[in-house]
Amino acid sequence: MSAFENHAAEAAQLEIEIIRKGVVLGIDWKNDAEVNAIARRALSSHLDTLELDHPAASPKGMAMLEIVGLSQLMLRVMKESADQGILTHGGTVWKKLGRALWEEAQLGKNGK
């Protein structure tokens, strides 16, 4: 991403896609344990070894693969904008998933 990239627009588009995948998966974004489980899966997986609860070719399997990828893109947007001194804000789902990703990353660093 270039220095001229609109991180807020990127965040908004990613959030829309995350919400769409969440609908397919039936994610309750108000359920911290559920969101943290998604973040944990996103941080601990490699797409070629991701364990799915559903067949990969099914709508739910595809949605989970995509939400993991979108989470990685989300982290990249946050990092790149922070590296440029820009605070990127998103909506409720962005904040919820972003916080869960940060919490899970901290737990992983601390070996818990």
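At a threshold of 4.5 Å between non-hydrogen side-chain atoms, the residues Glu17 and Gln13 count as touching. Counting heavy atoms from C-beta on, the side chains of Ile18 and Ile27 never come closer than 4.5 Å. Counting heavy atoms from C-beta on, the side chains of Asp32 and Lys96 come closer than 4.5 Å.
Annotation: the span from Leu107 atom CG to Arg40 atom CZ amounts to 8.0 Å, rounded to 0.5 Å. Between Ile67 atom CD1 and Leu25 atom CG the span is 6.0 Å, to the nearest 0.5 Å. Here the CG-CZ distance, from Leu73 to Arg76, works out to 7.0 Å after rounding to the nearest 0.5 Å. Separating the CG atom in Asn36 from the CZ atom in Arg99 is a distance of 10.5 Å, to the nearest 0.5 Å. If you take CD on Gln72 and CG on Leu70, they are separated by 10.0 Å, rounding to the nearest 0.5 Å. Atoms CG and NE2, from Leu14 and His7 in turn, are 12.0 Å apart once rounded to the nearest 0.5 Å.
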Begin with the C-alpha distance, continue with both residues' side-chain angles, and end with the deciding distance and a verdict on side chain to side chain contact (heavy atoms under 4.5 Å, CB included) for Lys60 and Met64. CA-CA 6 Å; Lys60 287 188 176 190; Met64 182 53 74; over 6 Å; no
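When hydrophobic clusters are built by joining Ile, Leu, Val, Met, Phe, Trp and Tyr residues whose side-chain heavy atoms come closer than 4.5 Å, directly or via intermediates, Leu43 is grouped together with Met74. One hydrophobic cluster, built from ILVMFWY side chains closer than 4.5 Å, cannot hold both Val24 and Ile38; they sit in different ones.
Of all heavy-atom pairs between Ala39 and Glu104, the closest is CB-CG, 3.9 Å. Residues Ser71 and Leu97 approach most closely at OG-CD2, 3.6 Å, considering heavy atoms.
Side-chain atoms of Glu15 come within 3.5 Å of backbone atoms of Val93 as a donor-acceptor pair (strictly under, hydrogens ignored).
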